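To keep things clear, I will list the structure first and then write my remarks on it.
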Amino acid sequence: MTALRHFLDLDVLEPVTLRGILDDSVARKRRRRLGQVEAPLVGKTLAMIFEKPSTRTRVSFEVAMRQLGGETVMLSQVDMHLGRGESIADTARVLSRYVDVIMIRTQSHDKLLDLAAHATVPIINGLTDRTHPCQLMADIMTFEEHRGPIAGRTIAWSGDGNNMAASWIQAAVRFDFKLNIACPEAYMPATPILTWAKEHQGRITVSHDVAAAIKGADCVVTDTWVSMSDTRTDGKRELLEPYRIDRAAMALAKPDAVFMHCLPVYRGQEVVPEVVDGPQSVVWDEAENRLHAQKGILAWCLNVPTI
Ligand code: CP
Ligand code: NVA
């Protein structure tokens, strides 16, 4: 039996695989724009398990499956036995008998790994407390659409060292760019991810100096200060105040730098409206690219030949 093509995280996938998924996503976006209809996933079903809210991930996966000819089943833990004691392992075994691929958004990264360990179909990480790799595929795609190859470029992250920061760290290693992170001491990215990046010669800096992180960057990124199911919120906003992206912060980056944010955005907190709604912002393209990137991910997981 060949190994299942799980899309769990960027650190466990080879650069050549990730680049292949991106190339395929870009090609599918182009063909869709030309009005070409393709349905390689006819007869295939994606199950989506959501333990947390979602707008973009849910809708982009659902529409991606439909546009590729497949179907989806939406599951929330409240209407599954998973929410009242059935194990993730048994859920994995059962769902694998019905569907061809499963996407899960869960609070616990270990639950994602448990699902993958017991499923006999590919598993996709639709966000955990630790990482958000699908978002990064859309983010890299968006940066490259606007500014060309990301390899060798400098990306600046300012804010919470959260799940998105973790996936940016993994992406920096896999796509060979420099990543400057500015965050408060209390909200540093998780140590194991930084250690992994160091072991893989990642060009990552972590400091509390927003100006130094952003100076000369090709792209400035931030995310919400309070993530879904965030439990450590006491005084967090106050600590993050200096990390807000405003026009003065953007002015430190290259004049043609882009601003990115995975959304949802909280205007006036992590970023001011003048930046997120301003000329350097590419957040709507970034959101759109979730749809195209999901297609590349689904096609890879289901071993659809690239055209
Ligand atoms: N960026 C992102 O994952 O958005 P949702 O939470 O709406 O899916
Ligand atoms: N860090 C955010 C990302 C939302 C897409 C969260 O986990 O809530």
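First listed ligand is number 1; within each ligand, the first listed atom is number 1. Throughout, residue positions are numbered sequentially from 1 according to the sequence presented. This is a predicted model, so every value here is computed, not measured. The figures here come from the full heavy-atom set of this structure, side chains too, leaving out hydrogens, waters and symmetry mates.
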Under 4.0 Å to a heavy atom of [X] - the qualifying atoms of ligand 2, by number:
X	result
Leu127	3 (C), 4 (C), 5 (C), 7 (O)
Asn163	1 (N), 2 (C), 6 (C), 7 (O)
Leu263	5 (C)

Check: Val12 main-chain N/O paired with Asp9 side-chain donor or acceptor under 3.5 Å: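 Such a contact is absent between Asp9 side chain and Val12 backbone.
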
Taking the side chain from Asp129 and the backbone from His109, do they hold a donor-acceptor pair closer than 3.5 Å?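 It does hold such a pair.
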
Which residue pairs pass the ring-ring contact (aromatic ring centres under 6.0 Å, His included) test when at least one of the two sits in residues 181-211, sequence neighbours left out?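 Those involving residues 181-211 are Trp196-His200.
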
What is the nearest protein non-hydrogen atom to atom 8 (O) of ligand 2, stated with its residue, atom name and distance?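 Residue, atom and distance for the closest contact: Met228 N, 2.7 Å.
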
Atom 3 (C) of ligand 2: the protein heavy-atom neighbour that sits closest, reported with distance to 0.1 Å: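 Closest protein heavy atom to atom 3 (C) of ligand 2: Asp223 OD2, 3.6 Å.
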
At what distance, to the nearest 0.5 angstrom, does CZ of Arg19 lie from CG of Asp23?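 Going from the CZ atom of Arg19 to the CG atom of Asp23 covers 6.0 Å.
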
Classify the side-chain pair Gln135/Arg290 by whether it contains a donor and acceptor separated by less than 3.5 Å.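 Checked: Gln135/Arg290 side chains pair up, N/O donor to acceptor below 3.5 Å.
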
Are a donor atom and an acceptor atom from the side chains of Ser227 and Asp160 found within less than 3.5 Å of each other?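 Side-chain D/A pair, Ser227 to Asp160: absent.
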
For Arg58, does the CZ atom have more than 12 heavy-atom neighbours from other residues, nucleotides or ligands under 6.0 Å away?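 12 or below, so no.
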
Do the non-hydrogen side-chain atoms of Ile169 and Ile181 ever get within less than 4.5 Å of each other?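 In short, these two side chains touch, coming nearer than 4.5 Å.
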
For Arg66, is there an ion pair with Glu71 - N to carboxylate O distance below 4.0 angstrom?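 A salt bridge is absent here (no side-chain N lies under 4.0 Å from a carboxylate O).
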
Pocket residues of ligand 1, ordered first by chain and then by residue number (heavy-atom cut-off under 4.0 Å):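 The answer is Ser54, Thr55, Arg56, Thr57, Arg105, His132, Gln135, Cys262, Leu263, Arg290, counting any residue whose heavy atom sits under 4.0 Å from ligand 1.
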
Using a 3.5 Å cut-off on N or O atoms only, is Ser227 in polar contact with ligand 2?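 So ligand 2 has an N or O lying under 3.5 Å from an N or O of Ser227.
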
